[in-house]
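Sequence lines set the chain letters: A, B, ... in the order given, protein chains first and strands last, and positions in each chain run from 1. No hydrogens, no waters, no symmetry mates; every other heavy atom, side chains included, goes into these values. None of the values given here were measured: they were computed from a predicted structure.
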Protein chains: 2
Amino acid sequence: MNAISHKIIRETLLERIQSGEWELGELIPNEEELAEEFGCARTTVNRALRALAEEGIVIRKRKGGTRVCELPKREAKFEIPIVRQQVEATGAVYRHKIVCRESKKPPISVSTRLHLGADEKALYLEALHLADERPFAFEMRWVNPAAVPHIEEEKFDTISVNEWLIKSVPFSSGDVSFSAVNADCDIADALDVTEGSALFLVDRTTWYDQSFITTLKLYYNQGFKFYSKL
Amino acid sequence: MNAISHKIIRETLLERIQSGEWELGELIPNEEELAEEFGCARTTVNRALRALAEEGIVIRKRKGGTRVCELPKREAKFEIPIVRQQVEATGAVYRHKIVCRESKKPPISVSTRLHLGADEKALYLEALHLADERPFAFEMRWVNPAAVPHIEEEKFDTISVNEWLIKSVPFSSGDVSFSAVNADCDIADALDVTEGSALFLVDRTTWYDQSFITTLKLYYNQGFKFYSKL
DNA sequence: AATATTATTATGTATGCACATAATAATGAA
DNA sequence: TTCATTATTATGTGCATACATAATAATATT
């Protein structure tokens with residue numbers, strides 16, 4: 001009665017599915033029948049099944065009933081972390097340094113991404129993230145000053161650009177891509193690796209409600225890995 | 001009455017949060033008050049707030065009430081795709097080729113990962129994934145034959161190892177890492193790129209209920225990108 | 001003052017009921 | 001046979017109510 005039965009029911013059903021008691025694609029008993037089996041109300045079974053549906057374990061259709069998902073999706077979720085947290089997670093001391101900061105006309109690829117007019121300027125920043133004073137990641141970023149005017153006043157000596165933006169625009173959306181690139185001369189120099197080293201690149205563009213905020217390329221130093229579970 | 005009010009309420013509350021009407025960390029009205037405002041039952045508000053809590057937008061505490069999350073988490077979710085689907089998504093024709101298949105004693109790093117005894121053999125496979133007959137990704141994999149004995153009978157001429165395993169063990173768990181590596185001589189050869197090219201590497205180990213199934217390294221060809229949203 | 005005990009409070013959960021809705025099956029008309 | 005109409009069914013949702021639970025506040029005890 002009190003042992004949060006919707007969770008227990010969810011668990012039980014999940015076990016039946018994972019053990020193969022109910023095959024992939026198979027129709028499972030309806031809510032009413034399950035409610036009777038578990039000796040609870042249909043509402044409770046409903047909640048358990050809804051949870052499984054949200055997780056992609058089952059598919060539910062009105063009148064069609066509930067069946068085990070044919071192709072259980074394997075998704076890896078991971079946080080887009082703040083670099084400082086990544087560094088500190090390794091036990092190292094974090095520091096960041098603004099290497100370059102200027103207002104200038106961005107290349108077309110960037111002005112397109114930020115939805116800027118042809119002659120509009122944007123803020124360009126280069127920053128180096130350090131772990132125990134050793135280069136950890138190198139960031140090349142464009143910011144749309146119209147979206148966050150107060151950025152002009154910020155020095156970024158105590159807080160990184162990313163952290164400042166997250167505080168200013170906490171609920172932005174974004175596109176991200178992950179890839180591997182060979183370090184060119186400039187980046188190799190900044191990260192203190194040999195030219196051509198394989199670097200993990202995160203390329204991200206974020207916006208809030210139609211207003212584009214920033215686009216950046218973040219090059220992680222050699223040997224960096226992103227971990228996740230599925 | 002019929003316009004799925006819990007969704008509407010969730011939306012409305014989300015807007016108030018995103019617009020800054022309720023600040024980060026701020027306590028929002030309790031369920032009863034909101035129910036009165038929206039003219040609905042507390043149950044309905046509860047459902048909306050529970051959804052927001054699951055998304056990491058708000059934090060809820062008994063007696064403490066509900067408050068906007070201080071650091072809204074930025075997580076990128078993406079599917080660990082089947083390579084065939086990745087290839088076909090680009091419009092290319094997929095084919096895969098088993099380059100090597102043998103049963104042998106794995107190195108310690110692998111026997112540890114697969115929880116094998118010191119002298120136990122495992123199945124080693126190398127496969128090349130092709131997009132329009134051009135190398136797309138190169139896979140080096142160890143499989144624990146004890147976990148999936150039927151694998152001995154499978155030729156993998158119509159289905160890839162990964163797809164076969166997904167069908168055989170649909171609900172496995174796993175650890176994944178993503179990184180960038182320079183192509184060594186063998187891999188450069190397999191993917192037909194110059195040695196030292198930056199490759200995107202996915203390293204994955206999967207198991208089902210304490211029984212370790214497979215561990216693999218998947219090297220994507222140069223220029224490959226993983227896309228996601230946040 | 002420090003500690004243990006007892007309210008108080010907002011969320012968490014379960015229930016029975018009613019009705020809405022989408023997908024299907026059954027039926028009828030052309 | 002073909003198409004449109006009408007049940008039927010399982011899920012989807014909302015509500016009022018009751019009680020459980022965790023965290024806090026208030027109180028009493030040492």
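Between Phe224(A) and Phe226(A), the ring planes lie perpendicular to each other; the angle is over 60°, past the 30° to 60° tilted range. Taking the six-membered ring where tryptophan is involved, the planes of Tyr124(A) and Trp142(A) are tilted, since the angle between them lies from 30° to 60°.
Here the P atom of nucleotide dA14(C) and the CD1 atom of Ile8(A) are 9 Å apart, to the nearest Å. The separation between Glu36(B) atom CD and dC15(D) atom P is 14 Å, rounded to whole Å. Following rounding to the nearest Å, Lys7(B) (NZ) and dA20(C) (C1') show an atom-to-atom distance of 14 Å. Between the P atom of dT13(C) and the CZ atom of Arg62(B) lies a distance of 7 Å, rounded to the nearest Å. Ile59(B) places its CD1 atom 18 Å from the P atom of dA10(C), with the value rounded to the nearest Å. The interatomic distance linking His6(A) (NE2) with dT11(C) (C1') rounds to 13 Å, in whole Å. Protein atom CG of Asn30(B) is 18 Å distant from nucleotide atom P of dA23(D), rounded to whole Å. Between Asn46(B) atom CG and dT13(D) atom P the separation is 15 Å, expressed in whole Å.
With ring centers used as reference points, Phe200(A) lies under 6.0 Å from Phe200(B). For an aromatic pair to be called close, the ring centres must be under 6.0 Å apart, and Phe212(B) with His115(B) satisfies this.
Heavy atoms of Gly65(A) sit under 4.0 angstrom from primed sugar atoms or phosphate atoms, though from no base atom. Looking at heavy-atom distances under 4.0 Å, Thr43(B) makes contact with a base. Residue Arg42(B) is classed as a base contact, given a heavy-atom separation below 4.0 Å to a base.
Taking 4.0 angstrom as the limit, Arg47(B) places a side-chain polar atom (N or O) nearer than this to OP1 or OP2 of dT13(D). At the phosphate of dG14(D), neither OP1 nor OP2 sits under 4.0 Å from any side-chain N or O atom of Thr44(B). Not one side-chain nitrogen or oxygen of Thr66(A) sits closer than 4.0 Å to the OP1 or OP2 atom of dA10(D).
Annotation: Gln210(A), atom CD; neighbour count of heavy atoms from other residues, nucleotides and ligands within 6.0 Å does not exceed 12.
The residue among Ala41(A) and Arg60(B) whose nearest nucleotide of DNA chain C lies closer to the 5′ end is Arg60(B). Mapped onto DNA chain D by nearest heavy atom, Gly64(A) and Arg50(A) fall at different nucleotides, with Gly64(A) at the one closer to the 5' end.
Out of dA14(C), dT24(C), dG12(D), the shortest distance to the side chain of Lys63(A) is found at dT24(C). The side chain of Glu31(A) has dT11(D) as its nearest neighbour among dC15(D), dT11(D), dT13(D).
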